[in-house]
Amino acid sequence: MTFEKSEILYNKGLVHLVGAVNSPVRAFQSVGGNPLFIKKAKGSKIKDVDGNSYVDYVLSYGPMILGHRHKKVEKAIKKALKNGYSFGATSEGELKLAKIICKAFPGMDKVRFVNSGTEAVLSAIRLARAYTGKNKIIKFSGCYHGHSDALLVAAGSGLATLSLPGSKGVPEKAVENTLIAEYNNLESVKKHFEDSDDIAGVILEPVAGNMGVVVPQDGFLQELKAYLESKGALLIVDEVMTGFRSKFGGAQEVLGVEADITCLGKVIGGGFPVGAYGARNEIMEMVAPLGGMYQAGTLSGNPIAMAAGISTLSQLKKENPYKGFDILAEKIEKILLGAAKIHNVPLTVNRFGSMINPFFTDVKVTDFPSAQTSDTESFGVFFWELIKQGLFIPPSQFEAWFLSTALSEKDLEKTSKAIHKAMEKVAEFQKSKAE
Ligand code: PLP
């Protein structure tokens, strides 16, 4: 296996792109080495420019839940293209996608489409402030909610792998209304309310996927919701990653909790740039043109993106793959733990529906500090051996692996062999480090 063409493109890319990428986690910085350049993808596989083929567990960081170039989705996109690419006026696709989403999430009467998860979340926060008339927002350390100024503190994802506490260029003033709490720790939320009566709400990933997969403890979300209600504050659930992925009604359906405001992205665009936020009528009626909270977008509700979203969600509804995902994730968990046991590698595996990831630690991972006990050097060794064995996983310890409906038994066999081989390499690495 060679990466010659990727190397050539990488060096060319350094001239006019920052680090030859358009999103930092794609830079492979935390696993050491240079990024792969991808040429194409189909079904469960992705191919780089050197012709190497990988079983894809990145899936564009979540959107490609049906695998790549699903026939029905492609047909819908081609059909929509014939009518034009963008109108600057509402088209019927927006109504259709909005209806599917509002039916899936009982807490949403209305939805507003935007172009990314970042936009969805920053708008949701503005909305929470508009509705409550309060300024402060609580977020949990290790949860990532996009790169808007106010939320770039104690964020997981790329910041976690680069070990950055926050981002340069974010003025102190921009984060002075952001309060940090610990995931799975209601007391840390209550403390903030004891100190301030200016809190509009709490934002969280219902299942965190940006510090690796971290699952909420039993009752955590329900108790949080009840507490917030008692304080007149809103629960903003960021389902950009989990929406239509954990279940058709998102992690909220699985966990039995209803958000005041829900943020969506990734899967709802079927691979195109779409985000959305929604809530019950009394909250959404604050948004312009009905209310005084301004938020707008030239390409919002783009007709091609809507067509991809509608067909992706319709296919998910039809296939109902969620139980299958659980079974598949359980198999991968067993493979990971089995390989770790054989090679005596400390490993913790967390999973939720079609999201899974291994942490190179024997500590139970329930929050960001415990996630950070993972040995990221071992992860780097694991990552590169998986690449050599034909598996594409996120190049970061703190990103979830995603499953698609396109994965076959053959892919799973390849996955098992690759994981065993990679775990052997990790064991060798850990041994040599200890000597
Ligand atoms: N919220 C969550 C939970 C995410 O995982 C992400 C991206 O990974 C975002 C928000 C930001 O979405 P986007 O990258 O589309 O701006």
Side-chain angles (χ1 to χ4, degrees), residues 21-27 57-65 112-128 137 139-162 167 178 183 201-216 221 235-246 250-252 255 259 261-278 295 297 299-300 302 305 308-309 312 352-357 368 371 393-402:
V21 293
N22 277 306
S23 194
V25 84
R26 296 180 197 166
Y57 289 100
V58 178
L59 298 171
S60 189
Y61 291 89
M64 311 313 300
I65 193 166
R112 166 63 60 84
F113 290 113
V114 291
N115 301 294
S116 67
T118 297
E119 249 190 277
V121 174
L122 75 86
S123 310
I125 288 202
R126 187 179 303 148
L127 178 57
I137 295 289
K139 85 172 274 292
F140 292 98
S141 73
C143 283
Y144 176 70
H145 303 290
H147 64 88
S148 65
D149 279 359
L151 294 169
L152 272 185
V153 272
S157 193
L159 278 177
T161 38
L162 297 175
S167 168
T178 310
Y183 201 75
V202 171
I203 180 156
L204 89 169
E205 292 178 70
V207 174
N210 286 292
M211 46 176 146
V213 178
V214 176
V215 180
L221 290 179
L235 178 65
I236 307 163
V237 177
D238 179 352
E239 295 237 32
V240 167
M241 196 181 271
T242 50
F244 296 95
R245 173 166 279 290
S246 302
Q252 290 175 59
L255 299 167
I261 307 178
T262 298
C263 304
L264 295 165
K266 300 195 190 255
V267 169
I268 64 162
F272 285 76
V274 182
Y277 62 100
Q295 183 274 309
L299 293 173
S300 298
N302 173 270
T312 298
F352 189 87
S354 57
M355 288 157 56
I356 180 166
N357 87 304
F368 197 31
I393 63 159
S396 158
Q397 168 66 84
F398 301 110
E399 300 278 350
W401 306 11
F402 296 105

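Heavy-atom basis, side chains included; hydrogens, waters and symmetry copies ignored. The structure presented is a predicted model; accordingly, all values stated were derived computationally and were not measured. Just so you know, residue 1 is the first one in the sequence shown, and it goes up from there. Read the numbers this way: they start at 1 and go in the same order the structure lists the ligands and their atoms.
- The side-chain heavy atoms of Asn302 and Val274, taken from C-beta on, include no pair separated by under 4.5 Å.
- At a 3.5 angstrom cut-off on N or O pairs, Asn210 counts as close to ligand 1.
- Close approach of ligand 1 to Glu205 (heavy-atom distance below 4.0 Å) involves ligand atoms 3 (C).
- Of all atoms in ligand 1, numbered sequentially from 1 with element shown, those under 4.0 Å from a heavy atom of Gly146 are 9 (C), 10 (C), 11 (C).
- At a threshold of 4.5 Å between non-hydrogen side-chain atoms, the residues Leu221 and Leu235 do not count as touching.
- Side-chain contact between Val215 and Val213 is present, with at least one heavy-atom pair separated by less than 4.5 Å.
- Taking the six-membered ring where the residue is Trp, Tyr183 and Phe140 present perpendicular rings, their angle passing 60° and hence far from 30°.
- Near Gly117, with a cut-off below 4.0 Å to any heavy atom, the atoms of ligand 1 are 11 (C), 12 (O), 13 (P), 15 (O), 16 (O).
- Listed by number with element, the atoms of ligand 1 under 4.0 angstrom from any heavy atom of Lys266 are 5 (O), 7 (C), 8 (O).
- Here's the thing with Val240: none of its N/O atoms is less than 3.5 angstrom from an N/O atom of ligand 1.
- Within the 4.0 Å heavy-atom criterion, neither part of Tyr61 lies near ligand 1.
- A heavy-atom distance below 4.5 Å is not found between the side chains of Val25 and Pro394.
- Taking 4.5 Å as the limit, some side-chain heavy atom of Met241 sits within range of a side-chain heavy atom of Met355.
- Residue Asp238 has at least one nitrogen or oxygen atom sitting less than 3.5 Å from a nitrogen or oxygen atom of ligand 1, judged on distance alone.
- Near Thr118, meaning under 4.0 Å from any of its heavy atoms, are these atoms of ligand 1: 11 (C), 12 (O), 13 (P), 16 (O).
- Looking at heavy atoms from C-beta onward, Ile261 lies out of side-chain contact with Val237 at the 4.5 angstrom threshold.
- Counting only heavy atoms from C-beta outward, the side chains of Leu127 and Tyr277 approach each other to under 4.5 Å.
- Each of the following atoms of ligand 1 lies closer than 4.0 Å to a heavy atom of Met241: 5 (O).
- Every atom of ligand 1 is numbered from 1 in the order shown, and the set under 4.0 Å from a heavy atom of Ser116 is 15 (O), 16 (O).
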